[in-house]
Amino acid sequence: MGLFKRLFGQITPGKNKVRILCIGLDNSGKSTVINWLKPKKAMAQDVVPTVGFSVEEFTKNGLSFTVFDMSGQGRYRNLWEHYYKEVGGIIFCIDSTDHIRMCVAKDELDALLEHEELRSVPILFFANKMDLPQAVGPVQCVQNLELSKITDKPWHIAASNALTGEGIDEGITWLGTQMGRAARAK
């Protein structure tokens with residue numbers, strides 16, 4: 001079964017629009033993850049850093065998929081909160097090789113977790129760039145970001161390599177399941 005059939009099979013029947021916010025620090029792989037999710041014919045050959053934000057819309061298996069790709073550069077991070085309303089899921093990309101800025105990622109995550117609009121919105125963390133030798137594993141990312149303190153919403157961390165797609169399917173399948181549960185609970 002295809003990736004999107006698994007994802008969208010979890011979402012309430014009749015609901016044909018999904019909104020996902022993809023955030024994380026600059027150079028964490030957000031745009032590359034989104035590019036991997038797009039239909040093959042819509043994939044970009046070269047992925048460039050996002051300035052401000054971009055919106056990717058595409059349809060797969062009868063579902064309209066809207067992903068807000070938010071810039072992770074410091075001067076644009078204040079834009080994130082303007083897109084929290086009506087988001088069904090969040091993808092938070094972590095550059096697992098950027099040991100120095102892990103504390104900055106934690107600060108941004110802490111700010112995100114304070115928003116009431118996101119109280120029950122599931123968060124998928126991609127510990128990205130796992131193919132590189134200096135990468136820390138998902139367990140270390142959980143510890144660095146203190147993810148175990150998140151108790152008011154479902155979350156999951158997946159080791160990933162956005163260039164090859166490794167770990168992306170696992171994470172998206174989990175996010176689809178959680179978004180489906182949240183939609184049925186409403």
Side-chain angles (χ1 to χ4, degrees), residues 4 7-26 28-34 37-38 49-60 63-95 101-128 138 141-142 144-158 160 162 168 171-186:
F4 281 91
L7 169 65
F8 301 139
Q10 303 295 327
I11 298 172
T12 305
K15 182 173 180 169
N16 59 359
K17 291 190 176 198
V18 173
R19 294 171 54 114
I20 295 176
L21 188 64
C22 188
I23 57 178
L25 300 185
D26 51 306
S28 60
K30 300 174 300 295
S31 298
T32 307
V33 165
I34 293 169
L37 295 174
K38 294 192 294 189
T50 304
V51 176
F53 72 96
S54 68
V55 179
E56 294 287 346
E57 294 183 338
F58 48 90
T59 301
K60 275 195 157 184
L63 191 73
S64 175
F65 197 66
T66 304
V67 180
F68 297 91
D69 181 3
M70 306 303 295
S71 175
Q73 297 174 20
R75 66 179 169 259
Y76 296 114
R77 289 185 210 137
N78 63 338
L79 293 175
W80 294 359
E81 66 187 71
H82 298 288
Y83 294 87
Y84 292 165
K85 192 173 184 173
E86 298 180 21
V87 167
I90 294 175
I91 297 172
F92 194 108
C93 291
I94 304 159
D95 181 345
R101 293 194 318 152
M102 195 71 71
C103 60
V104 177
K106 182 186 179 324
D107 290 344
E108 294 299 339
L109 174 61
D110 289 345
L112 174 140
L113 293 172
E114 292 178 9
H115 284 271
E116 183 65 25
E117 297 99 342
L118 301 176
R119 184 171 25 109
S120 60
V121 174
I123 303 177
L124 168 61
F125 295 93
F126 279 125
N128 202 21
C141 289
V142 167
N144 290 346
L145 298 175
E146 299 180 354
L147 299 184
S148 59
K149 292 183 177 180
I150 301 173
T151 59
D152 65 337
K153 65 178 74 356
W155 63 271
H156 176 74
I157 189 163
S160 66
I168 304 293
I172 293 300
T173 299
W174 176 87
L175 186 59
T177 300
Q178 297 305 313
M179 290 171 62
R181 287 181 184 157
R184 286 188 294 277
K186 287 184 178 179

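For clarity, every value in this text was computed on a predicted model and none was experimentally measured. Note: hydrogens, waters and symmetry copies are ignored here, and every other heavy atom, side chains too, is used.
When every heavy atom of Arg119 is checked against every heavy atom of Lys153, the shortest pair comes out as O-NZ, 3.1 Å. Residue Ile168 comes nearest to Ser160 through the heavy atom pair CD1-CB, 4.1 Å, listed as atom of the first residue, atom of the second, then distance. Between Glu108 and Leu25 the shortest heavy-atom distance is CG-CD2, 4.1 Å. Contact detail for Cys22 and Cys93: the closest heavy-atom pair is SG-SG, 4.2 Å. When all heavy atoms of Ala162 and Gly29 are compared, the pair lying nearest together is CB-O, 4.2 Å.
Side-chain contact between Leu118 and Leu21: absent, with no pair of heavy atoms (C-beta onward) separated by less than 4.5 Å. Counting only heavy atoms from C-beta outward, the side chains of Trp155 and Leu113 never approach each other to under 4.5 Å. Considering only heavy atoms from C-beta on, Asn128 stays 4.5 Å or farther from Ser28 through its side chain. For the pair Ile91 and Lys30, the minimum side-chain heavy-atom distance is 4.5 Å or more.
A distance of 6.5 Å separates CD1 in Ile90 from OH in Tyr84, rounded to the nearest 0.5 Å. With rounding to the nearest 0.5 angstrom, the CG atom of Leu147 is 11.5 Å from the NE2 atom of His156. Distance check, rounded to the nearest 0.5 Å: CG of Leu145 to CD1 of Ile94 gives 4.5 Å. Atom CG in Leu109 sits 6.0 Å away from atom CD1 in Ile123 (nearest 0.5 Å). The CZ atom of Phe92 sits 10.0 Å away from atom CD1 of Ile157, with the distance rounded to the nearest 0.5 Å.
Remark: Pro122 engages Pro154, Trp174, Leu175, Gln178, Met179 in a side-chain contact (heavy atoms from CB on, under 4.5 Å) (not counting sequence neighbours). By the salt bridge (Lys or Arg N to Asp or Glu O under 4.0 Å) test, Glu114 is found to be paired with no residue, residues two or more places apart in sequence or in another chain being considered. Judged as a side chain to side chain donor-acceptor pair (under 3.5 Å), and not counting sequence neighbours, the contacts of Lys149 are Glu146. Remark: Asp107 engages no residue in a side-chain contact (heavy atoms from CB on, under 4.5 Å) (not counting sequence neighbours).
For residues 85-95, the set of pairs meeting the salt bridge (charged side-chain N to carboxylate O under 4.0 Å, His left out) definition, not counting sequence neighbours, comprises Asp95-Lys129.
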Please test Asp26 against Arg101 for side-chain contact (heavy atoms from CB on, under 4.5 Å), starting from the C-alpha separation and ending with a verdict.
-> CA-CA 10 Å; Asp26 51 306; Arg101 293 194 318 152; 2.8 Å; yes
